[in-house]
Peer 1: 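Structure provided below as structure tokens; questions to follow.
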There are 2 protein chains.
Amino acid sequence: MKFEAVTIKDIAKALGLSTSTVSRALRDSYEISQETKKLVLDYAARINYHPNPIALSLKERRSRSIGVIVSEIANSFFSQTINGIESIAYNNGYNVIISQSRESADREMLNLQYLTSRSVDGLIVSVATETRDFSFFKELHDRGMPIVFFDRVVDVIQTHKVIVDNYKGAYDATLHLVQNGYRRIANMVNAAGLSISKERLAGYRAALEDSGLVVNENHIKYCQHGGMIVAEVEDALNELLAEGERPDAIIASADKLTTNCLRLLKAKGLKVPDDMGLIGFSNTDLTELLDPPLSVIKQPAFEMGEIATGLLLQLIESKRPVTDFETRVLGTELIIRGSSVDNR
Amino acid sequence: MKFEAVTIKDIAKALGLSTSTVSRALRDSYEISQETKKLVLDYAARINYHPNPIALSLKERRSRSIGVIVSEIANSFFSQTINGIESIAYNNGYNVIISQSRESADREMLNLQYLTSRSVDGLIVSVATETRDFSFFKELHDRGMPIVFFDRVVDVIQTHKVIVDNYKGAYDATLHLVQNGYRRIANMVNAAGLSISKERLAGYRAALEDSGLVVNENHIKYCQHGGMIVAEVEDALNELLAEGERPDAIIASADKLTTNCLRLLKAKGLKVPDDMGLIGFSNTDLTELLDPPLSVIKQPAFEMGEIATGLLLQLIESKRPVTDFETRVLGTELIIRGSSVDNR
DNA sequence: TTTTTTTACGCAATCGTTCCCGGTAACGAT
DNA sequence: ATCGTTACCGGGAACGATTGCGTAAAAAAA
């Protein structure tokens, strides 16, 4: 089964012209007479001609499309970011190709190869938890592929980046827990290698120290898959609950980590926020409807997508190689709800 | 800024061979000697050669990629379906290009044009609420583009379809409400034109009638945007609450409709399930954590994606035009939780 | 040794489009 | 009559890859 499209040759043949003339007429070149132009344009419209982007891509070595790699589109933060990306891209005549790494370095690499070989003009990436080796990104970037990182950025590559103030977000959230009487605050951290993990962990540490509390290293648990696998969260939680100095609150550094903590705590019969306070990074729009309503640190996801795309288009359309790159840092929003306010 | 890739010509030049020889060596043709093959293969591997899919697409008039159009990836049902689609597609060497209609007929059309002109080998589609005119789909399909519809199908086009038993899903859910003492059951329906809306509405009507209850037409409210816009849900809800015969339960026929009903009911201070029972179609994995835990009709989304992709690949790889199409109907899962059980 | 066959490779067309070169009218100026 | 413009238009190469066909050299058969 094949799908045949109308080509410039069909028009040329039907009108008794050369392909060059047709091409020029369609592109409104000055060297084509008004009559011929009209002839071609009318006929093209009538048979519903559309230039073949594949042929164009091959010729121009550009595709007017940008590739996006995120870990999971099912994640609210990423789907919101993608909406931001699309809004800017479409306004500038670019198409967006979305792909998921599902936190796997292999799939990330595969997607990367697919996208680049598909001649995307640039990439917007939030790296997978699993990825340790950024040499492929580096090589790609060195060979001239415009890349903008967001959320989970990689510091060994010099390019535009869009992030939030993760340090401050975690700091404020932790401080909020302290101010609400929690003293043994645990941290459920995403994969250790991630930029966001480090920054959020640092904010947490600083807030505890500034509050005169000591950081109990056993209260810091890493989840390699960012909470995507319930079992890893359960293991981490069980370890926390088995601790001599049992935590009275948790700050979770990823969306799925946050909701899965709540799920497991409820399953274990622990009351939130009384038995255990809970706050976490999340962009889900259902958090206010949860039982209890979840306190969250929210990222301006849509805006991040917009900004990342703007920066990328700037990179793509720049004539000369860009050498000075910027890192945009946006603010987070701390939304206090029931899960982090001990009302005993 | 341009990104230069290695081509077959580079290899040919470096090795003093013709491009045909290189091509054949890479494709392991019998007409090429072992030594030459090894030479080419080694060199290709060393300089990290990858065939240019754009050039291949142009030549072969196929791209080994399939296009997916859904209304919104932020919707759990669709993101789960996409995961199902990807799992089958990748196993068969196909790539997946995702695009969102965001319920707009225009954007759907734009995406459709983009995808087809990008030479996708086939399409998997759940149509937008807004779409009334399916002639473009029809024309595309008549001209040989393989299409599989899922969830929101269109009956004027004869092709493979993957749906759930929406009638039964709605019937069972409505009956469940009746059995739990609710008598004035309202229905929040998605856009009227949608296949799923009609089927679910029919199930609801039948269940009421079979229970000896009369259908109050004022209890049926349509939301053109499927609950994506909170205001439309609020308007519909306000109308329901202003009814002389005020409903005591709601069945919502879409994910966002369901959660936004809950959101608004809570905002209005109405207790669920006591003041108002609530049940709805939803695939969100957070429904059990809501307050109250939400009763839902759940669709086997991942499986639907898998099946749709299987059918599409079958269509794509068929030598002869396929004429007999099937409609796969899967079962829904009724999950009863607190929101639909009046415990007064 | 001559003829035939096999092996191994190159040439050129093709996919749809653009664009660099030309080329050829018509027309006014010399 | 010749030249220079101007206005239009066509030929053909290019983008990267595949592939049918042709053919030289080597091997096998005569």
Side-chain angles (χ1 to χ4, degrees), chain A residues 2-41 43-44 47-65 113-114 116-121 144, chain B residues 2-41 43-44 47-65 113-114 116-121 144:
Chain A
K2 212 166 292 169
F3 179 78
E4 302 288 346
V6 175
T7 79
I8 217 167
K9 278 185 195 168
D10 301 329
I11 304 182
K13 192 169 293 175
L15 266 42
L17 294 168
S18 77
T19 58
S20 341
T21 307
V22 175
S23 172
R24 269 183 275 255
L26 291 169
R27 309 217 121 227
D28 199 27
S29 162
Y30 68 95
E31 9 181 44
I32 304 294
S33 70
Q34 290 304 320
E35 306 93 81
T36 312
K37 267 184 200 169
K38 183 160 167 35
L39 194 69
V40 172
L41 253 37
Y43 185 73
I47 64 173
N48 196 30
Y49 168 80
H50 285 282
N52 182 330
I54 302 264
L56 279 177
S57 293
L58 182 60
K59 186 123 188 48
E60 317 256 306
R61 271 111 129 244
R62 72 186 319 233
S63 59
R64 293 197 78 82
S65 60
Q113 288 180 337
Y114 172 74
T116 55
S117 65
R118 276 274 142 200
S119 287
V120 292
D121 298 339
Chain B
K2 211 168 293 168
F3 177 77
E4 303 287 348
V6 176
T7 79
I8 216 166
K9 278 187 195 165
D10 301 330
I11 303 182
K13 192 169 293 177
L15 265 41
L17 295 168
S18 75
T19 57
S20 355
T21 306
V22 175
S23 172
R24 270 184 270 254
L26 291 169
R27 309 217 119 227
D28 199 27
S29 161
Y30 67 94
E31 340 186 67
I32 303 295
S33 71
Q34 291 305 319
E35 306 92 81
T36 312
K37 268 183 199 168
K38 183 160 166 37
L39 195 68
V40 171
L41 255 37
Y43 186 73
I47 64 173
N48 196 30
Y49 167 80
H50 285 281
N52 183 329
I54 302 263
L56 280 177
S57 294
L58 182 60
K59 182 131 187 40
E60 317 259 308
R61 271 113 127 246
R62 73 188 318 236
S63 59
R64 293 198 77 82
S65 60
Q113 287 180 336
Y114 172 74
T116 56
S117 66
R118 275 275 143 201
S119 286
V120 291
D121 299 338

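We name chains A, B, ... by the order of the sequence lines, and we start the count at 1 in each one.
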Peer 1: To the nearest angstrom, how far is A:Leu26 atom CG from C:dC19 atom P?
Peer 2: 12 Å
Peer 1: By side chain to side chain contact (heavy atoms under 4.5 Å, CB included), which residues pair with A:Arg24, not counting sequence neighbours?
Peer 2: A:Ser20, A:Ser29, A:Glu31, A:Ile32
Peer 1: Do any pairs count as a salt bridge (Lys or Arg N to Asp or Glu O under 4.0 Å) and have a residue in residues 11-21 of chain A, sequence neighbours left out, and if so which ones?
Peer 2: none
Peer 1: Starting at atom CZ of A:Arg62, determine the distance to atom P of C:dT18, rounded to an integer number of angstrom.
Peer 2: 14 Å
Peer 1: At under 4.0 Å between heavy atoms, what does A:Ile54 touch on the DNA or RNA strands: base, sugar-phosphate, or nothing?
Peer 2: nothing
Peer 1: Return the polar atom pairs (N/O with N/O) between nucleotides 11-15 of chain C and the protein under 3.5 Å, or none.
Peer 2:
{"residue": "C:dC11", "atom": "N4", "partner": "B:Ser20", "partner atom": "OG", "Å": "2.8"}
{"residue": "C:dT14", "atom": "O2", "partner": "B:Lys59", "partner atom": "NZ", "Å": "3.2"}
{"residue": "C:dC15", "atom": "OP2", "partner": "A:Lys9", "partner atom": "NZ", "Å": "3.4"}

Peer 1: For C:dC9, does either OP1 or OP2 sit under 4.0 Å from a side-chain N or O belonging to B:Ser33?
Peer 2: yes
Peer 1: Please state how far atom CZ in B:Arg64 lies from atom P in D:dT18, giving the value in whole angstrom units.
Peer 2: 14 Å
Peer 1: Round to a whole Å and report the spacing from NZ of B:Lys37 to C1' of C:dT7.
Peer 2: 12 Å
Peer 1: Could you tell me how far apart A:Leu56 (CG) and C:dG16 (P) are, to the nearest whole angstrom?
Peer 2: 12 Å
Peer 1: On a heavy-atom basis, which atom in B:Ile54 and which in A:Leu58 lie closest, and how many Å separate them?
Peer 2: CG2-N, 3.7 Å
Peer 1: For the side chain of B:Ser117 and the backbone of B:Gln113, is there at least one donor-acceptor N/O pair under 3.5 Å apart?
Peer 2: yes
Peer 1: Want to settle it: does A:Ser23 or B:Glu35 sit nearer the 5' end of DNA chain C, counting the closest nucleotide to each?
Peer 2: B:Glu35
Peer 1: For the pair made of CG in A:Leu39 and C1' in D:dC8, what is the distance, rounded to whole Å?
Peer 2: 14 Å
Peer 1: So which one's nearest nucleotide on DNA chain C is more toward 5', B:Val22 or A:Ile8?
Peer 2: B:Val22
Peer 1: Go through the structure and list residues passing side-chain hydrogen bond (donor to acceptor under 3.5 Å, both in side chains) with B:Arg118, not counting sequence neighbours.
Peer 2: A:Ser57
Peer 1: Please state how far atom CG in A:Asp28 lies from atom C1' in C:dT18, giving the value in whole angstrom units.
Peer 2: 15 Å
Peer 1: Considering residues at least two apart in sequence or located in another chain, which fulfil the side chain to side chain contact (heavy atoms under 4.5 Å, CB included) criterion with A:Ser65?
Peer 2: A:Ser63, A:Asn95, A:Ile97, A:Val120, B:Tyr114
Peer 1: Within the structure, does a side-chain N or O atom of A:Tyr30 lie under 4.0 Å from either OP1 or OP2 of D:dC9?
Peer 2: no
Peer 1: Rounded to whole angstroms, how far apart are CG on A:Leu17 and P on D:dG11?
Peer 2: 11 Å
Peer 1: Within the structure shown, what part of the strands sits under 4.0 Å from A:Thr36 by heavy-atom distance: base, sugar-phosphate, or nothing?
Peer 2: sugar-phosphate
Peer 1: Holding to side chain to side chain contact (heavy atoms under 4.5 Å, CB included), I want the full list of residues that pass it with B:Lys59, two or more places apart in sequence or in another chain.
Peer 2: none
